Protein chains: 2
Amino acid sequence: MIEPNEIEKTTAAIANKYRLSILLELAKKGSITGTGAQEITGLSQPCVSHHVKLLVDSGLVVSQKTGRCQKLSLNKEVFDKLAGFLKKLSE
Amino acid sequence: MIEPNEIEKTTAAIANKYRLSILLELAKKGSITGTGAQEITGLSQPCVSHHVKLLVDSGLVVSQKTGRCQKLSLNKEVFDKLAGFLKKLSE
DNA sequence: GAAATGCATTTAAACTTTTCGATATATCAG
DNA sequence: CTGATATATCGAAAAGTTTAAATGCATTTC
C-alpha cells in the first residue's frame, strides 16, 4: 500500500523537467553520478544537488556514496508502488 | 506513448493533497460535482475551481457541463498511460 | 422577472520552489 | 602537503503556486 503523503512526495519529485530527465537517464543507464546529472541537465552544481536531494528524499532514487562520488540509481519498488496505485485508480 | 511534458503535467496535478483527495473521491464514486469537490476539500469555491481546472487541463479529469452543474470524472486512459510509464521505468 | 445556485475570472497576498554565487568539507592525485 | 574534484549547505533573488475576497455570468426555481 501507498500513503497519500507518499503519493504527493513522489509525484511532486517527478513533476519537474530536470528531475524527470535524471530519472529517464537512470532508467536508461542503470546508474549515474551527481556530475553525470549535472551534464544531463546543464544546471549549476548546487541546483542539481538540490534536485537530487528531492529525488532521494522522495524515495524514488537511492544514493550510495563511495569516496567523493555518489552513485544514483532508481528505487524500483517505489516506482512499482506508485504505478500500482495509479493503475488501481483507473479500474 | 506518453510525452515528458504530459508526465510533468499529470504528476504535478496529482502532487497536491486537495487534488489528490478529489481524485480519490472520483475513483470511489465514479463522479462528483464541483460543489462536491468543495465539500471534500473544505476550500473556497474559487480555489476549488482552480484546482479542478488544473486537473482537467492535465487530462486526468474530464468535466461535462450540463446546465449550471459540472460532472467530473476520471480519464482512465491517462491514468493508465502514466501508470504504464512508471511501471516501465522500474523494469 | 427576482432570487438563488453553480461555476469562472480577476486580483492580490502568502507561501513554496527554483536557481545560482559563495563557501565548506571531504577525498583523491601528485 | 597542495591542488583538484565531488558533493553539500547557506543565502538571497526570481519565478511559480496556492489561497480567498470580490465580482461576473449563466441557469434554475419560484
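Keep in mind that this is a model prediction, so the values were computed, not measured. Within every chain, numbering begins at 1; the chains are lettered A, B, ... in the order of the sequence lines, protein sequences first and strands thereafter.
In this structure, A:K71 places its NZ atom 17 Å from P of D:dA6, rounding to the nearest Å. Note: NZ (A:K53) to P (D:dC10) measures 10 Å, nearest angstrom.
Residues A:L54 and A:L82 do not share a hydrophobic cluster, clusters being chains of Ile/Leu/Val/Met/Phe/Trp/Tyr side chains in contact below 4.5 Å.
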Without placing hydrogens or testing angles, list every side-chain donor-acceptor pair under 3.5 Å for residues 30-40 of chain A, not counting sequence neighbours.
residue: A:T33; atom: OG1; partner: A:T35; partner atom: N; Å: 3.4
residue: A:T33; atom: OG1; partner: A:G36; partner atom: N; Å: 3.0

For a quick test of your reading: what N or O donor-acceptor pairs under 3.5 Å do the side chains of residues 55-65 of chain B make, sequence neighbours left out?
residue: B:D57; atom: OD2; partner: B:K53; partner atom: NZ; Å: 3.0
residue: B:S58; atom: OG; partner: B:L55; partner atom: O; Å: 2.7
residue: B:S58; atom: OG; partner: B:L60; partner atom: N; Å: 3.2
residue: B:S63; atom: OG; partner: B:Q70; partner atom: OE1; Å: 3.2

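Between the two ends of the helix from C:dG1-D:dC30 to C:dG30-D:dC1, each summarised by a five-pair axis, the helix axis turns through 30° (rounded to 10 degrees).
Taking CG of B:L43 as the reference point, atom CD1 of B:I22 lies at 7.5 Å (rounded to 0.5 Å). The CG atom of B:L72 sits 10.0 Å away from the CG atom of B:L23 when rounded to the nearest 0.5 Å. We find the CZ-OG1 distance between B:F85 and B:T11 to be 9.0 Å, quoted to the nearest 0.5 Å.
At a non-hydrogen distance threshold of 4.0 Å, nothing from residues 2-10 of chain B comes into contact with DNA chain C. Scanning residues 20-37 of chain A for heavy-atom distances under 4.0 Å to DNA chain C yields an empty list.
Checked against side chain to side chain contact (heavy atoms under 4.5 Å, CB included), A:A12 has the following partners two or more places apart in sequence or in another chain: B:A15.
When all heavy atoms are compared, the tightest approach of A:L89 to B:A27 is CD2-CB, 3.3 Å. Of all the heavy atoms in B:T41 and B:Y18, the pair that sits closest is O-CE2, 3.7 Å.
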Footprint string (nucleotides 14-29 of chain D, 5' to 3'): B base within contact, S backbone only, - free, heavy atoms under 4.0 Å = ----SBBBB----BB-
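Within the structure, side-chain hydrogen bond (donor to acceptor under 3.5 Å, both in side chains) pairs that include any residue of residues 73-91 of chain A comprise A:E6-A:K81, A:D80-B:S90, A:S90-B:D80 (at least two apart or interchain). The stretch residues 19-29 of chain A participates, sequence neighbours left out, in these side-chain hydrogen bond (donor to acceptor under 3.5 Å, both in side chains) pairs: A:R19-A:H51, A:E25-A:K29.
At the phosphate of D:dT7, neither OP1 nor OP2 sits under 4.0 Å from any side-chain N or O atom of A:Q38.
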